[in-house]
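Step one of this worksheet: look at the structure below.
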Amino acid sequence: MERKSTSLILVGVLAAITAVHAEGKMKIEKSVFGKTKDGHSVDLYTLTNDHGMIVTLTNWGASIVSIQVPDRSGKNADVLLGYDNADGYIGDTAYLGATVGRYGNRIGKGRFKLDGKEYKLAQNNGENHLHGGVAGFNKKLWDAKEVKAADGVAVQMHYVSKDGEEGYPGNLDVTVTFTLDNKNEIKIDYLATTDKATVVNLTNHSYFNLLGDAAGDILGHEIMLSADRFTPVDVGLIPTGELRPVAGTPLDFKQPKAIGARINDKYEQLVFGKGYDHNWIINPTGPAPRLAARLSEPKTGRVMEVLTTEPGIQFYSGNFLDGSIKGKKGKAYQFRNGLCLETQHFPDSPNHPDFPSTTLKPGAKYQTTTIYRFSAK
Ligand code: BGC
C-alpha cells in the first residue's frame, strides 16, 4: 500500500518535471482567450524562454498577440500592438498580429488567370483585393497544438482553406509553426499544399513598436533594409512592374536611417503610400534565411532583425492607423504608432509573370521561413 503511493508520487513528480522543458525555464502554458460567436473556445498560448522573453499566440487568425523583450537595462515591455482578448481579434480590421492569406498584399482588380482560367476575388480594397479577402486567414479559428522543437518551444497552427474560399481555387492545407528559442528569436515556418493549382503568399502582419506598450510613434526608430531595389506602385498600391533602384530616393535604407527622416518628402511613391507602404526586393546575397531588415530604437536600445527565405518585404509605416482602434489596456492606436515588416512574394505577382512565381501546384510544397530576432544595444 505504502509502496504504491510512493510510486504514484514519483510518477507525479516525473510528470511535473517533464512538463517544464528540459531546456530549463522554457515553457508553454495554454489558457482561455475567449469564444467565437458560435461558441468555440479561442485559446492563448504563452511561450517563455530561459531569458524571460515571453510571446503569446492565439489560434484566432494564427496571430501573435504580444512579444515581451528586454531593453538595454533588462526591462521587459511588450513591443507588439494588439488586443487584450479574443473579441478584439475577432472584430479587428487592421490585421494586428495575424497570419495573412491565402494571398498577403494586393491583387490588382481582384482578378488573375491561372492555366488559362480567370479567377475573381473580393475587391475589398477599392477596386483591388487585399490580404486574402473579406474573411481571410486572419478571420479563421485555426487548430493549434504544442509540438516538439529541437531548439525551443513551439506551437503549430493548422487550417484547411476550402476550394473556392474567397474565390481561390483548390483545397489549401496550411500549417504555420511558431518557435521561440533561447537566442530570443521567434521563427515562423509556413507550409502549404494544394489539390489544384492556386496562388499562395503567406505572411505575418505584426505591428511593432520597440519603445514598448506603443508609447509613441515609430518615426524615431531606425531601419535598415537590405535591398537595392523596390517595386513602385500606382495610386491603388499595385506594382507597375518596374523594379526601381532605391539609390537617391527616400526609400534608400541600405544604411540605417530614422524612419521619420524623409517620410514627408514630396516623392510620388510616398504620396501614394501616405508614407512607407512598399515592397522592397531583398538582396539575394548569402544563405537563406537572409537578413532583410534591422530595426532599432535609440531610447530603449531594443533591436529587431528580420531574416527570411522570401524575396520581398513590405515595410508599412502604420499610415492608416488613426486612433479609431482601441487596443491593449484600452489604448487608442494613433497614426504611425506601429510598423509592419511583412516578408512575402511581391504584391500582385499572379498578374506579373516576370515576378517570382506565387503559383502552387498539386504535389509541390509551399515552404517559407521568417525569423524575428530580438536584442538590445
Ligand atoms: C498594407 C497596407 C494596408 C494594411 C492594412 C498593409 O500590409 O500594405 O496598405 O492598409 O496592410 O492593415
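In what follows, every heavy atom counts, from backbone to side chain, and hydrogens, waters and symmetry copies are set aside. In this text, all values refer to a predicted model and were calculated from it rather than measured experimentally.
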(request) Go through the side-chain N and O atoms of Thr177 and Gln156 and say whether any donor and acceptor fall under 3.5 Å apart. (result) yes
(request) Please check if any side-chain donor atom of Arg106 sits under 3.5 Å from a side-chain acceptor atom of Asn125, or the reverse. (result) yes
(request) Tell me yes or no: between the side chains of Arg290 and Thr308, is some donor less than 3.5 Å from an acceptor? (result) no
(message) Is there a continuous path of hydrophobic side-chain contacts, each under 4.5 Å between heavy atoms, that joins Trp280 to Leu243?
(response) no
(request) Could you pull out the closest heavy-atom pair between Ala332 and Gly323, with the gap in Å? (result) CB-O, 3.5 Å
(request) Write down the atom of Ala149, the atom of Ala154, and the distance for their closest heavy-atom approach. (result) CB-CB, 3.9 Å
(request) Indicate if Tyr103 and Leu172 have the same hydrophobic cluster label, given that clusters are the connected sets of ILVMFWY residues with side-chain heavy-atom separations under 4.5 angstrom. (result) no
(message) Is it true that Asp50 and Asn182 share a donor-acceptor pair across their side chains at a distance under 3.5 Å?
(response) yes
(request) Answer yes if Ile64 and Met53 sit in the same cluster of Ile, Leu, Val, Met, Phe, Trp and Tyr residues linked by side chain heavy atoms under 4.5 Å apart, and no otherwise. (result) yes
(request) Please write out which residues are connected to Tyr316 in a hydrophobic cluster, directly or through intermediates, given that two of Ile, Leu, Val, Met, Phe, Trp, Tyr count as joined at side-chain heavy-atom separations below 4.5 angstrom. (result) Phe33, Val42, Leu44, Trp60, Val65, Leu81, Tyr83, Tyr89, Ile90, Leu96, Leu141, Tyr207, Phe320, Leu321, Ile325, Tyr333
(request) For the residue pair Ser375 and Asn184, establish whether any side-chain heavy-atom pair is separated by less than 4.5 Å. (result) no
(request) Examine distances only and state if a side-chain atom of Asn138 and a backbone atom of Tyr95 form a donor-acceptor pair shorter than 3.5 Å. (result) no
(message) Is there a side-chain contact between Pro350 and Ile107 in this structure, where contact means two heavy atoms from C-beta onward sitting under 4.5 Å apart?
(response) yes
(request) Test side-chain hydrogen bond (donor to acceptor under 3.5 Å, both in side chains) on Thr240 and Asp234 and set out the steps. (result) CA-CA 6 Å; Thr240 59; Asp234 65 16; over 6 Å; no
(request) Return yes if a side-chain donor-acceptor contact under 3.5 Å exists between Asn204 and Glu342, otherwise no. (result) no
(message) Using the side-chain contact (heavy atoms from CB on, under 4.5 Å) criterion, which residues pair with Asp43? Sequence neighbours excluded.
(response) Lys30, Ser41, Tyr45, Asn59
(request) Kindly indicate whether the side chain of Ile263, heavy atoms from C-beta on, has any atom under 4.5 Å from the side chain of Leu219. (result) yes
(message) Could you go through Arg294 and Glu305, starting from their C-alpha distance and side-chain angles, then the distance that decides it, and tell me whether this counts as salt bridge (charged side-chain N to carboxylate O under 4.0 Å, His left out)?
(response) CA-CA 4 Å; Arg294 183 181 292 113; Glu305 290 178 322; 2.8 Å; yes
(message) Checking Gln314 against Gln344: is there a side-chain donor and acceptor pair closer than 3.5 Å?
(response) yes
(message) I want to check something: taking the side chain as every heavy atom from C-beta on, are Val303 and Leu295 in contact at a cut-off of under 4.5 Å?
(response) no
(request) Please tell me if the side chains of His205 and His131 come closer than 4.5 Å, counting only heavy atoms from C-beta onward. (result) yes
(message) Ring of Phe253, cation from Lys257 - is the NZ or CZ under 6.0 Å from the centre and inside 45° of the axis?
(response) yes
(message) Please evaluate residues Arg302 and Glu297 with respect to the criterion salt bridge (charged side-chain N to carboxylate O under 4.0 Å, His left out), reporting the C-alpha separation (whole Å), side-chain torsions for both, the decisive distance (0.1 Å), and the verdict.
(response) CA-CA 6 Å; Arg302 289 195 182 92; Glu297 200 293 303; over 6 Å; no
(request) Taking atom CD of Glu242 as the centre, report whether more than 12 heavy atoms of other residues, nucleotides or ligands fall under 6.0 Å from it. (result) yes
(message) Counting C-beta onward and ignoring hydrogens, is there a side-chain heavy-atom pair between Val134 and Glu166 closer than 4.5 Å?
(response) yes
(request) Considering non-hydrogen atoms only, spot the tightest contact between Asn124 and Gly133 and give its length. (result) ND2-O, 3.1 Å
(message) Count I, L, V, M, F, W, Y as connected when their side-chain heavy atoms are under 4.5 Å apart, and connections chain through other members. Are Val246 and Leu225 then in the same cluster?
(response) yes
(request) Examine distances only and state if a side-chain atom of Arg102 and a backbone atom of Pro169 form a donor-acceptor pair shorter than 3.5 Å. (result) yes
(message) Does the plane of the ring in Trp142 sit parallel, tilted or perpendicular to the ring in Tyr159? Use 30° and 60° as the thresholds.
(response) tilted
(message) Salt bridge or not between Lys328 and Asp78? Use side-chain N to carboxylate O under 4.0 Å.
(response) yes
(message) Do Arg244 and Gln269 have side chains that approach each other closer than 4.5 Å (heavy atoms only, starting at C-beta)?
(response) yes
(request) Could you pull out the closest heavy-atom pair between Lys187 and Ile371, with the gap in Å? (result) CG-CG1, 3.9 Å
(message) Tell me whether Lys254 at atom NZ has more than 12 heavy atoms from other residues, nucleotides or ligands lying less than 6.0 Å away.
(response) yes
(request) Could you tell me which non-hydrogen atom of Glu185 sits nearest to which non-hydrogen atom of Asp181, and how far apart they are? (result) N-OD1, 3.0 Å
(request) Name all residues meeting the side-chain contact (heavy atoms from CB on, under 4.5 Å) criterion together with Lys148; count only those two or more places apart in sequence or in a different chain, and write none if there are none. (result) none
(request) Check the pair Glu29 / Lys27 against salt bridge (charged side-chain N to carboxylate O under 4.0 Å, His left out), numbers first and verdict last. (result) CA-CA 7 Å; Glu29 284 151 322; Lys27 59 178 180 182; 3.6 Å; yes
(message) Would you say NZ of Lys35 has more than 12 non-hydrogen atoms from neighbouring residues, nucleotides or ligands within 6.0 angstrom?
(response) no
(message) Do Tyr119 and Tyr168 have side chains that approach each other closer than 4.5 Å (heavy atoms only, starting at C-beta)?
(response) no
(message) Before you tell me yes or no, could you show the steps for Asp84 and Lys329 under salt bridge (charged side-chain N to carboxylate O under 4.0 Å, His left out), namely the whole-Å CA-CA distance, both residues' side-chain angles and the distance that decides it to 0.1 Å?
(response) CA-CA 7 Å; Asp84 290 325; Lys329 299 179 189 149; over 6 Å; no
(request) Quick one: list whatever passes side-chain contact (heavy atoms from CB on, under 4.5 Å) with Pro311, sequence neighbours left out. (result) His345, Phe346, Pro356
(request) Only counting residues at least two apart or in another chain, list the ones meeting side-chain hydrogen bond (donor to acceptor under 3.5 Å, both in side chains) with Thr358. (result) none
(message) Tell me which pairs pass side-chain hydrogen bond (donor to acceptor under 3.5 Å, both in side chains) where either residue lies in residues 212-231, with sequence neighbours left out.
(response) Asp228-Asn283, Thr231-Asn279
(request) Please check if Leu211 and Phe208 belong to a single hydrophobic cluster, counting links between Ile, Leu, Val, Met, Phe, Trp and Tyr side chain heavy atoms closer than 4.5 Å. (result) no
(request) Examine distances only and state if a side-chain atom of Asn49 and a backbone atom of Ile54 form a donor-acceptor pair shorter than 3.5 Å. (result) no
(message) Below 30° counts as parallel, above 60° as perpendicular, anything between as tilted: where do the rings of Phe230 and His278 land?
(response) perpendicular
(message) Donor-acceptor pair, distance only, cut-off 3.5 Å: does the side chain of Asn209 make one with the backbone of Leu339?
(response) no
(request) Grab the two heavy atoms, one from Val79 and one from Phe374, that are nearest each other, plus how far apart they are. (result) CG2-CE2, 4.0 Å
(request) Report yes or no: do Thr309 and Thr368 form a side-chain donor-acceptor pair below 3.5 Å? (result) no
(request) Assess the pair Tyr366 and Tyr190: is the distance between their ring centroids shorter than 6.0 Å? (result) no
